[in-house]
Amino acid sequence: MSFSLKNIISIKDFSKDDINFILKQTEKLEPVARSQEMSQNMAGKILGMMFYEPSTRTRLSFETSMKRLGGGVIGFAETGASSVTKGENLADTARMVAEYADALVIRHNLEGAARYVSDIVDVPIINAGDGAGQHPTQTLLDIYTMKRVFGKIKGLNVALIGDLKYGRTVHSLSYALGMFGAKMSFVSPPELKMPQETLHDLKGAKAVTRETDNIHDVLDEVDVLYVTRIQKERFPDPEEYSRIKGAYLINSELLNGKDLIVMHPLPRVDEISPDVDDTKYGKYFEQAFYGVPVRMAILNALIKSF
Amino acid sequence: MKKPKELKVKPIKNGTVIDHITANKSLNVLKILGLPSDESKVTLAMNVQSAHMEKKDIVKIENRELASSEVDQIALIAPKATINIIRDYEIVGKGKVRLLNEIKSLLNCPNPNCISNTIEPVTGKFYVITKEPVILRCYYCERLMEEGEIESQF
């Protein structure tokens, strides 16, 4: 089993082997991520962070991953403190940071930004989210979480719930789930349905999917409820927003007696009630932790150690 | 009664004839080829009878032999077009257009939030996903582009 990619841009670039390789390495790195073992694999290496959009988990987990592997981190967490405010374009900024670092992590508000940068610099590029586009490292940690809990992905029944139109994590995730033979239900209000692009890809991959707007249609049969945030700004009418939000609220009463886990890419606002947090259902904080070993595995795969 | 004068389209001595263009699409074909220009004489026939197709367009370009890379982009809007290269009134080369797997620097991504539509020094690049109907995928933002959106750019 080996890893064929030079950059991590889109989950569509991954073969099953590539994903399996990362999952396997992630498992081995869990003790390092939990600070039970030490690694110096990235000693003397530097990771460049270019965050044009706010991020907490993704940015901190990349920093943690690099540091736990003995490496260093440079970069910016917001554009206010960089020469972007002086009007520098992305190409120039990326070329400059690439001169200082062994790999770049980019989050950008425009779709395709990471792919674009990967064509103009020589160091490996990791896409940490590009607009409404891709967020492949999130997908890998989502897949890892499911594999960790159930021991497999094939045959799992996964419901993706909430904003399936603009939520970038669900597009990448559904593609990967399709690749591994999971069955999917897409649960969303009609206004926020899975985009045609994604459905087209899934059809091509012969994935088993169905769509509904009613969460009760899926509760009894799914293994995973993957919940995403429905953003208020998507609805011009605040009353409509309240109604929709209420229809997709996950709380312990709804889950009682069901055999499933609840995942969420976070941040959550109020789509999952806090009373789910400490139950056997709530796996989202564990999922957020797996972001560290997954990203460690990615750094090790992309950056050559001394 | 006066006999109507028939306007005959003369054969060209040297150049390229693009035949079997989807009816009324020849103006878009010219745009793809960067025509009209000061150098080339061009003759157009639009919406004329065809033995193979109900109606078709024809474009004759004098003194210019089209390269296959130029020709293949025509397939985006006129998939049945045929190409004849003419030298001294003789057809010396015949071929059909074929849609390549990659389209570069010809179309813009319809997604306003795509990196290829910004101040960055980059032009549109697309992969051909299906040929009939033509569906393209933006290399950068991965958005799909269908025939209507492709045509609206010409």
Side-chain angles (χ1 to χ4, degrees), chain A residues 7 9-14 50 52-53 79 83-84 86-95 106-121 125 127 129-136 139 165-166 168 170-172 174-175 194-205, chain B residues 22 28 32 67 69-70 72-73 75-79 98-154:
Chain A
N7 305 294
I9 308 290
S10 164
I11 205 72
K12 294 195 187 83
D13 300 337
F14 281 75
M50 299 171 62
Y52 289 80
E53 266 198 330
T79 51
S83 45
V84 174
K86 297 175 190 162
E88 185 174 55
N89 68 15
L90 173 62
D92 287 3
T93 311
R95 278 198 187 100
I106 296 177
R107 168 166 292 189
H108 204 279
N109 51 312
L110 294 172
E111 285 119 54
R115 178 81 69 196
Y116 167 62
V117 170
S118 74
D119 286 343
I120 51 184
V121 304
I125 303 297
N127 184 4
D130 57 340
Q134 291 274 326
H135 191 0
T139 298
K165 185 173 181 189
Y166 301 99
R168 66 181 156 207
V170 291
H171 305 155
S172 301
S174 59
Y175 190 84
M194 200 58 112
Q196 281 306 314
E197 269 88 352
T198 313
L199 294 176
H200 179 273
D201 286 339
L202 292 171
K203 209 171 145 196
Chain B
T22 314
N28 291 344
I32 289 178
S69 60
E70 296 176 288
D72 290 337
Q73 298 193 327
L76 271 179
I77 52 162
R98 59 200 167 103
L99 195 53
L100 298 178
N101 294 326
E102 201 180 301
I103 311 286
K104 264 174 102 170
S105 306
L106 180 70
L107 300 166
N108 296 319
C109 181
N111 174 8
N113 214 30
C114 175
I115 193 77
S116 66
N117 288 323
T118 59
I119 55 159
E120 301 296 330
V122 63
T123 54
K125 182 171 160 185
F126 298 86
Y127 289 128
V128 176
I129 302 296
T130 63
K131 297 193 174 180
E132 273 181 66
V134 179
I135 299 178
L136 309 178
R137 185 192 294 284
C138 174
Y139 167 74
Y140 294 101
C141 74
E142 302 185 355
R143 189 186 184 284
L144 296 181
M145 189 171 174
E146 294 178 2
E147 276 179 329
E149 288 172 314
I150 295 168
E151 290 215 11
S152 69
Q153 296 208 12
F154 294 107

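Chain naming here is simple, since letters A, B, ... match the order of the sequence lines and numbering starts at 1 in each.
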The reported gap from CG in A/D201 to CG in B/L144 (rounded to nearest 0.5 angstrom) is 6.5 Å
With a 4.5 Å cut-off on side-chain heavy atoms, are A/E111 and B/E142 touching? no
Per-residue contact mode, B/N111 against chain A (heavy atom under 4.5 angstrom): side chain
Please say whether more than 12 non-hydrogen atoms of neighbouring residues, nucleotides or ligands are located less than 6.0 Å from CD in B/E147. yes
Evaluate the side-chain proximity of A/K12 to B/R137: yes if any heavy-atom separation is below 4.5 Å, no if none is. yes
With a sphere of 6.0 Å drawn around NZ of A/K203, does it hold more than 12 non-hydrogen atoms of other residues, nucleotides or ligands? no
Answer with side chain, backbone, both or neither: which region of B/T118 has an atom nearer than 4.5 Å to a non-hydrogen atom of chain A? side chain
Nearest-0.5 Å distance that lies between atom NE2 in A/H200 and atom CD1 in B/I129: 7.0 Å
Supply the atom-to-atom distance A/R115 CZ to B/C138 SG, rounded to the nearest 0.5 angstrom. 10.0 Å
With chain B, the option among A/A114, A/G131, A/S10, A/G204 that has the most non-hydrogen atom pairs under 4.5 Å is A/S10
Can you find a pair of side-chain heavy atoms, one from A/Y116 and one from B/C141, that are under 4.5 Å apart? no
Looking at every non-hydrogen atom in both residues, tell me the closest pair between B/I115 and A/L110 and how far apart they are. CD1-CD1, 3.9 Å
Could you look at A/D92 and say if it's the side chain, the backbone, both or neither that has a heavy atom under 4.5 Å from chain B? neither
